[in-house]
Amino acid sequence: MTNHLPTSVTTSLSRRGLLGAGVGGSAALGLSACGGSSSPGKAGPTAASGSGGAEGYDGPEVTLQYWNGLTGGDGPIMKKLVGEFMKANPKIKVVTTAIAWADFFQKLPAAVSNGKGPEIALMHVSDIATMGARKVIQPIDDVIKGLNLSESDFPSNVWKAAFYNNDQYAMPLDLHPAGLYYNTTVMEKVGLDPTKPPTTKDEFMAALDACKSKGVQGYWVSALSVGGLVAQSMIFQNGGYMEDETGTKTGFGDQAAIDAITFFKSLIDGGYSPKNAAGDADWVSFQNDKAAFMINGPWMVTPCKEISKLKWGCAPVPILGKDQKTWGGSHCFTLPVQKSNDANKQKAARVFLNWMGNHSVGWAEAGMVPARTSVRDSEEFKKYSEVTQFEKMIDWVQFPPLKPGVADAESEWGPAVSNAMLGKKPVDVALKEAAVKGDKILAANQKKYGY
């Protein structure tokens with residue numbers, strides 16, 4: 001990953017790099033996890049009864065610590081929202097601390113264990129089960145019930161992903177699916193209609209053929225990052241998975257994964273992409289009018305807007321497989337376990353969660369799709385025309401199984417994909433070897449966490 005890019009871009013590459021390397025928050029956490037029976041925090045005392053924050057806060061002045069991993073361009077947008085919250089709630093001061101995601105999931109358990117954890121933490125939905133199993137975060141059923149929220153207030157997939165062992169541990173803030181970005185300048189140059197971006201594999205390949213005929217490599221593929229949201233979207237479309245619902249088997253060596261990696265390797269072998277492209281090559285080529293397409297998350301909307309000369313658009317990810325599915329993530333608010341039972345802080349933290357959910361349209365400035373249905377239905381959200389393209393895919397998003405530690409197995413996925421893409425091993429051999437190793441990691445975690 002280069003360090004000379006704009007901060008927002010660096011963050012997006014960090015996310016994709018973690019995915020491509022197979023080391024997400026849960027995987028990093030797994031290095032220090034003690035297992036389900038040994039956890040950094042205690043479960044109680046927790047629940048503050050009442051209306052989950054809807055009643056507002058009228059107690060003494062309090063200061064809340066709020067941790068997140070928003071170290072890129074989305075960080076200032078979150079701080080702006082926090083500032084608006086404090087103006088609306090002058091008795092509640094919120095101190096925001098941004099910690100790189102790779103470090104976040106090591107520092108948070110340690111802080112909770114020492115009784116110094118924040119009152120509020122933002123994390124990815126894929127980390128909820130692990131943090132819940134380790135008792136780093138507490139159930140928030142009282143918040144959901146107090147606010148009269150239900151599955152109908154959120155997309156069903158992200159609502160269900162916020163549970164662990166039948167308790168709700170998180171309030172979804174957003175969804176961020178993978179989508180297609182298209183470079184209008186390049187498409188016009190090679191004779192393509194930028195009002196009709198490709199929607200299927202055949203259309204995508206026809207567009208790349210048009211690029212190739214004009215001497216343009218239309219979509220740059222990197223062995224270092226393609227295993228992340230790009231390849232995983234196609235795996236899901238092929239009917240595959242990264243880990244099955246039981247959390248005991250990886251899909252790394254299944255045909256759906258083999259076909260996906262084989263396809264992206266064929267783009268390099270066929271000259272549609274340069275060989276040995278850097279991990280951020282899709283973005284660098286796209287912003288410099290060298291490529292027609294980029295598949296990435298909605299967080300790239302902001303950096304695209306920041307380049308005045310760039311003419312671009314975005315659309316749902318093409319169906320490169322059989323079904324309408326895509327990789328996606330979600331930022332969720334959680335309440336870490338507290339050793340001291342400060343009722344005022346607990347109440348104020350719940351007021352914060354409720355306010356942020358109701359005002360999450362402002363989070364669309366970071367390219368994210370608000371999770372709250374009422375917010376997405378608002379006229380204000382419709383003004384974010386690029387983000388609404390990603391909204392079209394919220395029901396396509398695939399989340400990992402609700403089992404702790406499942407992402408640990410993906411530490412084997414990234415290196416295997418790189419070896420396959422670089423031709424160091426046949427695709428099926430590299431991926432099946434990774435599956436064997438990944439399954440062993442899942443078996444160990446099943447025993448560790450007792451599921």
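Numbers here are sequence positions counted from 1. Owing to the predicted nature of the structure, the values given are computational and were not obtained by experimental measurement.
The backbone N or O of A371 lies less than 3.5 Å from a partner atom in the side chain of R376, making a donor-acceptor pair. Formation of a donor-acceptor pair under 3.5 Å by the N183 side chain with backbone atoms of T185 is found in this model. No side-chain donor-acceptor contact under 3.5 Å links W363 to the backbone of D174. No donor-acceptor pair closer than 3.5 Å links the side chain of T130 to the backbone N or O of D127. Distance alone, capped at 3.5 Å, is enough to place a donor-acceptor pair between the E119 side chain and the Q65 backbone.
Residues M131 and P109 form a side-chain contact, since some pair of their non-hydrogen atoms from C-beta on lies under 4.5 Å apart. Under the 4.5 Å side-chain criterion, counting only non-hydrogen atoms from C-beta, F286 is in contact with Y181. Residues I319 and W396 are in side-chain contact: their nearest non-hydrogen atoms beyond the backbone lie under 4.5 Å apart. Side-chain contact check for L335 versus R350: some heavy-atom pair is nearer than 4.5 Å.
Salt-bridge annotation for E433 and K425: present, with a side-chain N of the basic residue lying under 4.0 Å from a carboxylate O of the acidic one.
In this structure, NZ on K309 lies 5.5 Å from CG on N288, to the nearest 0.5 angstrom. Atom NZ of residue K305 and atom CD of residue E386 lie 4.0 Å apart, to the nearest 0.5 angstrom.
With a 6.0 Å radius and a threshold of 12 heavy atoms from other residues, nucleotides or ligands, K249 has its NZ atom above the threshold. The neighbour count for K290 NZ, taken as heavy atoms of other residues, nucleotides or ligands under 6.0 Å away, does not exceed 12. When the shell of 6.0 Å around NZ of K87 is examined, it contains 12 or fewer heavy atoms from other residues, nucleotides or ligands.
Using cut-offs of 30° and 60° for the angle between ring planes, the W299 and H176 rings count as perpendicular. Using bins of under 30°, 30° to 60° and over 60° for the plane-to-plane angle, the ring pair F264/Y219 lands in the tilted bin.
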**Request:** For side chain to side chain contact (heavy atoms under 4.5 Å, CB included), just list the numbers for T302 and E365, CA-CA rounded to whole Å, side-chain angles, deciding distance to a tenth of an Å, and then say yes or no.
**Result:** CA-CA 7 Å; T302 300; E365 290 185 27; over 6 Å; no
**Request:** Apply side chain to side chain donor-acceptor pair (under 3.5 Å) to the pair D202 and T200, showing each step before the final yes or no.
**Result:** CA-CA 5 Å; D202 288 344; T200 66; 5.4 Å; no
**Request:** Could you check F399 against Y241 for ring pair (Phe, Tyr, Trp, His ring centres under 6.0 Å), going step by step and ending with a plain yes or no?
**Result:** CA-CA 10 Å; F399 290 117; Y241 52 80; over 10 Å; no
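Residues forming a side chain to side chain contact (heavy atoms under 4.5 Å, CB included) with N166 (at least two apart in sequence, or on another chain): none. Annotation: side chain to side chain contact (heavy atoms under 4.5 Å, CB included) contacts of E379 (sequence neighbours excluded): K382. For D269, the salt bridge (charged side-chain N to carboxylate O under 4.0 Å, His left out) test picks out K265, with sequence neighbours left out. In this structure, the side chain to side chain contact (heavy atoms under 4.5 Å, CB included) partners of N358, at least two apart in sequence or on a different chain, are N354, R372. Remark: K214 pairs with no residue by the salt bridge (charged side-chain N to carboxylate O under 4.0 Å, His left out) rule, at least two apart or across chains.
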Pair up each side-chain donor or acceptor in residues 435-442 with any protein partner under 3.5 Å, not counting sequence neighbours, and list the distances.
residue : atom : partner : partner atom : Å
D439    : OD1  : T250    : N            : 2.8
D439    : OD1  : T250    : OG1          : 3.0

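The two residues A277 and S222 make their nearest non-hydrogen contact at O-OG, 3.0 Å.
A centroid separation of 6.0 Å or more is found between the aromatic rings of F352 and W355.
Partner of F293 under the ring pair (Phe, Tyr, Trp, His ring centres under 6.0 Å) criterion, out of F204, Y182, Y272, W312: F204 alone.
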